[in-house]
Amino acid sequence: MTRPKESHDVAFLPPELFWMILRYLQPNELVRCRRVSRAWNEAFTNPNILLPLLKRCYPWTKEAKSLRSEISNEEKEDEGCRLFDQVASRYYHLGQGKPRSIEKYRLCDDFGSTGDREWYQVQPWESHASHKKRFVDRQFSEALWTFEDGLLVYPSADYQFLVLMDLETDGQFTVPFIIRGKVVRRVRLQKRLLVVEWAEPKAFHWLNDSDGVHRHFASSFDVTKGENQRWNIVPRNEWKIMFLGHPLSERDRFFSSHSNTHYVIYIWQPNRSLYTADEDAPIESLSVWDISTPSSYRPSLDPTGRLRDYSPSDSPSMVAQFGFRDLEFFGIRQRGCPSIQRLEITDDAQAVEITENFCIRLEDQPPEPYGFPQPITTSIPLGDGPHQRRDFAGILPPYRGNCSMQAEAMRYDGFIMDPWYGVIAQVSILEPDVGFCLHFDPWTWIQDQLVYLTIQTPHSSTTCVNWDFIGRGRLVGCENYLVGENCNRELVIYRFDR
């Protein structure tokens, strides 16, 4: 009688030896091992093996954190292999710097079908204190799309409307805002409140032969989650953001921010007075509005303001206003070379915080060709109390356009590009420890200004030339996707999850 032939296949090794071999394989290699044989396919799709590996290799992911200690065998069979493959595929493509798929959405043109201008971003400054020589080396126009926590709002050329997209479900929902007959200046989603700043297309009076003043307004919309993964976008209120209006020009600028209850706007305009030659003294002001309560009053439909007295008392109202002398007192008057790079209002609506970004040379340090960043935050109380001036907790990239006004702080843990001056935009996801950085080449950017994208994960770091995100110099996203705009007026979404 012949003895059965013993199998020396790796799939039939004792568990302790099998686990020792697994330690030498990358997750993507484990998936490839399934092609060797039926026995290997069964071994490398076994949830009792894959789920512990998922926790060990990717403990920071939501998939690993969602695993319960008590899980039935049926659930393991269904979920174990799928979850492992999903995470392994995502981090393989992140490590390669190549998305699994790329989606592109065409954005609205500046001029509508009638030939009238419908989109006109607030123009960037030519000089800024975050640059060593004060001259902005490369300007990016402001993006007319906005993103927050997986929700993307963009002007769709296909629908000629603002569209809200849920990037997790790919659901799209129309924002009830009529674009025709308006000039949209900025779109911003924060604290689940969408604010659209816009102007009337025709000036209602003229400052001189070339500059006409247009009334500017802001419309807000509450964004809430409904049933069946739908999003409800409900108009909240509208208010006139400038008392005398604002020219649609390249020289007049305003910057704003909002919480769920308040709105703040900083206005910077060149001095057009015929009786002064002080070119370094622009007109500056800061105003704060209470926008917490829904209101049916629409000031854009009431040019004379006669209906204001009959409007509900809950319509948006100004709660604080600071002129250039007040800004001078607080030490934040910008004058001819601005340094402001962040404008925020605290969640408790007790203060406005302005962060300025300066490029300095430290006396006790060797000469640095690009200088050192020094961001400083000034808190201005909206009620009684002293103002506060303190160092900003982090490093901000240099200003290269109005999208830099929403740039997040750069990390200290080695993900900061060397030198810091080459950074355009950055996205940091602290919990999974994943980072994306759009930047110039550290040493040759002055000559060629090629833009690179660096992707860093806990196990990898890769850098490659990028042409898909150089249109506006803005980057948003998470470990599943990355969003930017190219030079063809297209919104580009890198998908690493599918």
**Student:** Centroid separation under 6.0 Å, is that true for the rings of His128 and Phe135?
**Tutor:** no
**Student:** Apply side-chain contact (heavy atoms from CB on, under 4.5 Å) to Gln406 and list each qualifying residue two or more places apart in sequence or on a separate chain.
**Tutor:** Arg188, Arg474
**Student:** Are side-chain heavy atoms of Pro155 and Trp119 found at a separation under 4.5 Å?
**Tutor:** yes
**Student:** Tell me, please, which residues at least two apart from Glu118 pass side chain to side chain donor-acceptor pair (under 3.5 Å).
**Tutor:** none
**Student:** Tell me, please, which residues at least two apart from Ser220 pass side chain to side chain donor-acceptor pair (under 3.5 Å).
**Tutor:** Asn237
**Student:** If you measure from CE on Met405 to CG on Leu396, what distance do you get to the nearest 0.5 Å?
**Tutor:** 10.5 Å
**Student:** Does Phe496 offer a backbone N or O that forms a donor-acceptor pair with the side chain of Arg100 under 3.5 Å?
**Tutor:** no
**Student:** Decide whether Glu168 and Gln229 meet the rule of one side-chain donor and one side-chain acceptor closer than 3.5 Å.
**Tutor:** no
**Student:** CZ of Arg390: more than 12 outside heavy atoms within 6.0 angstrom?
**Tutor:** yes
**Student:** Check for a donor-acceptor pair, side chain of Gln160 on one end and backbone N or O of Ala157 on the other, with a separation under 3.5 Å.
**Tutor:** yes
**Student:** According to ring pair (Phe, Tyr, Trp, His ring centres under 6.0 Å), who are the partners of His387, at least two apart in sequence or on a separate chain?
**Tutor:** Phe329, Phe330
**Student:** Taking the basic N atoms (NZ, or NE/NH1/NH2) and the acidic carboxylate oxygens, is any pair closer than 4.0 Å for Arg489 and Asp110?
**Tutor:** yes
**Student:** Considering residues at least two apart in sequence or located in another chain, which fulfil the ring pair (Phe, Tyr, Trp, His ring centres under 6.0 Å) criterion with His258?
**Tutor:** none
**Student:** With sequence neighbours excluded, give me every side-chain hydrogen bond (donor to acceptor under 3.5 Å, both in side chains) pair touching residues 145-155.
**Tutor:** Trp145-Glu485, Tyr154-Gln172
**Student:** Within the 3.5 Å criterion, strictly below it, is a donor on Glu63 or Gln86 matched to an acceptor on the partner's side chain?
**Tutor:** yes
**Student:** For Gln350, does its backbone N or O pair with a side-chain atom of Thr346 as donor and acceptor, under 3.5 Å?
**Tutor:** yes
**Student:** Please enumerate all residues that pass side chain to side chain donor-acceptor pair (under 3.5 Å) together with Glu490, with sequence neighbours excluded.
**Tutor:** Asn486
**Student:** Is atom CD of Glu126 surrounded by more than 12 heavy atoms (other residues, nucleotides or ligands) closer than 6.0 Å?
**Tutor:** yes
**Student:** Please list all pairs passing the ring pair (Phe, Tyr, Trp, His ring centres under 6.0 Å) test where one or both residues lie in residues 460-481, with sequence neighbours left out.
**Tutor:** Phe469-Tyr494
**Student:** Give a yes or no on whether the backbone of Tyr91 and the side-chain of Gln96 come within a donor-acceptor separation of less than 3.5 Å.
**Tutor:** no
**Student:** So, are Arg106 and Asp158 salt-bridged, with charged N and O less than 4.0 Å apart?
**Tutor:** yes
**Student:** So, Arg389 side chain and Thr377 main chain: donor-acceptor pair closer than 3.5 Å or not?
**Tutor:** no
**Student:** Just jot down the side-chain contact (heavy atoms from CB on, under 4.5 Å) partners of Thr224, sequence neighbours excluded, or say none.
**Tutor:** Asn232
**Student:** Just jot down the side-chain contact (heavy atoms from CB on, under 4.5 Å) partners of Pro176, sequence neighbours excluded, or say none.
**Tutor:** Phe221, Ile233, Pro235
**Student:** Is it the case that the side chain of Glu142 and the backbone of Gly401 share a donor-acceptor pair, with hydrogens and angles ignored and the cut-off at 3.5 Å?
**Tutor:** no
**Student:** For Trp268, enumerate each residue passing the ring pair (Phe, Tyr, Trp, His ring centres under 6.0 Å) test, keeping only those at least two apart in sequence or located in another chain.
**Tutor:** Trp125
**Student:** Is there a side-chain contact between Leu152 and Asp166, using heavy atoms and a 4.5 Å cut-off?
**Tutor:** no
**Student:** Within the structure provided, determine whether Ser292 and Tyr263 are in side-chain contact (heavy-atom separation under 4.5 Å).
**Tutor:** no
**Student:** Go through the structure and list residues passing side-chain contact (heavy atoms from CB on, under 4.5 Å) with Val451, not counting sequence neighbours.
**Tutor:** Arg138, Ile424, Leu438, Phe440, Ile470
**Student:** Would you compute the distance between atom CZ of Arg236 and atom OG1 of Thr293 and round it to the nearest 0.5 angstrom?
**Tutor:** 8.0 Å
